[in-house]
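Worksheet: one structure, shown below.
Both backbone and side-chain heavy atoms feed into the values below; hydrogens, waters and symmetry mates do not.
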Amino acid sequence: MNLIYKFPDLAFFLGEYRLQEARTGLLQKLNQFYQNKKNREILVFFDGKKDLISDCYSEVRDGLSIHYSHEKKADELIIGYLSQSPIPAQCLVVTSDKEIISFARRIRAKRITSEEFYSEWKKAEELDDETDFMKMKEGLTSTSDEDYWERQFLS
């Protein structure tokens, strides 16, 4: 949840009690951010159930491994996963929860805060936008002022 709140559009969904849309939006952003990074397993932990009547604890969607805590807190699932990880130093934990950050530090897992992740995501998004703009701009031909006025008056 602390990561969802960093994205203004997703935080809006939460403010409107549209949890499912906020979760889906986060999954799309994670998928977009990590799409070019090969050999990565991305696990996402959500508090509660998938929806009110679901008994789904885990699922894989678009290459993301999604886990729902049901009666537990997602924090417990994250700590449990890290505890059972054969090489915790290969794990990157994204959270602003101090307990999880402290645990990850003790087992030498990599960690970044939700704020740092959002900042990295924002930079990547701006770079993608700039790249798209440059590709679009390449398709345009530049003309001199003389060519422009000649077309205006002689056409």
* **Considering all heavy atoms, the nearest Arg23-Lys49 contact** => NH1-O, 2.8 Å
* Structure fact -> Here the pair of heavy atoms bringing Cys56 nearest to Glu59 is SG-CB, 4.1 Å
* Taking atom CG of Asn2 and atom OG1 of Thr113, what is their separation to the nearest 0.5 Å? -> 9.0 Å
* Hey, could you give me the CG/CZ distance between Leu10 and Arg18, rounded to the nearest 0.5 Å? => 11.0 Å
Below 4.5 Å, heavy atoms only, C-beta onward: do [X] and [Y] meet side chain to side chain?
X	Y	result
Glu16	Glu21	no
Phe46	Leu19	no
Gln20	Phe13	no
Met1	Leu14	yes
Val44	Arg61	no
Leu82	Pro88	no

* Asked: Do the charged groups of Lys73 and Asp97 touch, with an N to O distance under 4.0 Å?
  -> no
* Asked: Side-chain donor-acceptor pair under 3.5 Å between Ser65 and His67, yes or no?
  -> yes
* Side chains of Ser69 and Glu76: do they bring a donor and an acceptor to under 3.5 Å? -> no
* Asked: What's the verdict on side-chain contact (heavy atoms from CB on, under 4.5 Å) for Ile78 and Thr95, showing C-alpha distance, side-chain angles and the deciding distance?
  -> CA-CA 10 Å; Ile78 295 167; Thr95 186; 5.7 Å; no
Can [Y] be reached from [X] by stepping across I, L, V, M, F, W or Y side chains whose heavy atoms are under 4.5 Å apart?
X	Y	answer
Leu92	Phe45	no
Leu64	Tyr34	yes
Ile101	Ile79	no
Leu77	Leu26	no
Phe103	Leu3	no

* Where do Phe117 and Leu30 land on the side-chain contact (heavy atoms from CB on, under 4.5 Å) test, with the steps shown first? -> CA-CA 10 Å; Phe117 179 87; Leu30 291 172; 3.6 Å; yes
* To do: For the pair Lys110 (side chain) and Val93 (backbone), establish whether a donor and an acceptor sit closer than 3.5 Å, ignoring hydrogens and angles.
  => no
* **Donor-acceptor pair, side chain of Ser85 and main chain of Tyr81, under 3.5 angstrom** => no
* Worked check of side-chain contact (heavy atoms from CB on, under 4.5 Å) between Tyr5 and Ser114 -> CA-CA 9 Å; Tyr5 277 112; Ser114 299; over 6 Å; no
* Asked: Would you call the rings of His70 and Tyr57 parallel, tilted or perpendicular if under 30° counts as parallel and over 60° as perpendicular?
  -> parallel
* Asp9 CG: over 12 foreign heavy atoms closer than 6.0 Å -> yes
* Asked: Which is it for Glu125 and Gln32 under the side-chain contact (heavy atoms from CB on, under 4.5 Å) test, yes or no, and what are the steps along the way?
  -> CA-CA 9 Å; Glu125 177 93 344; Gln32 174 189 1; 3.2 Å; yes
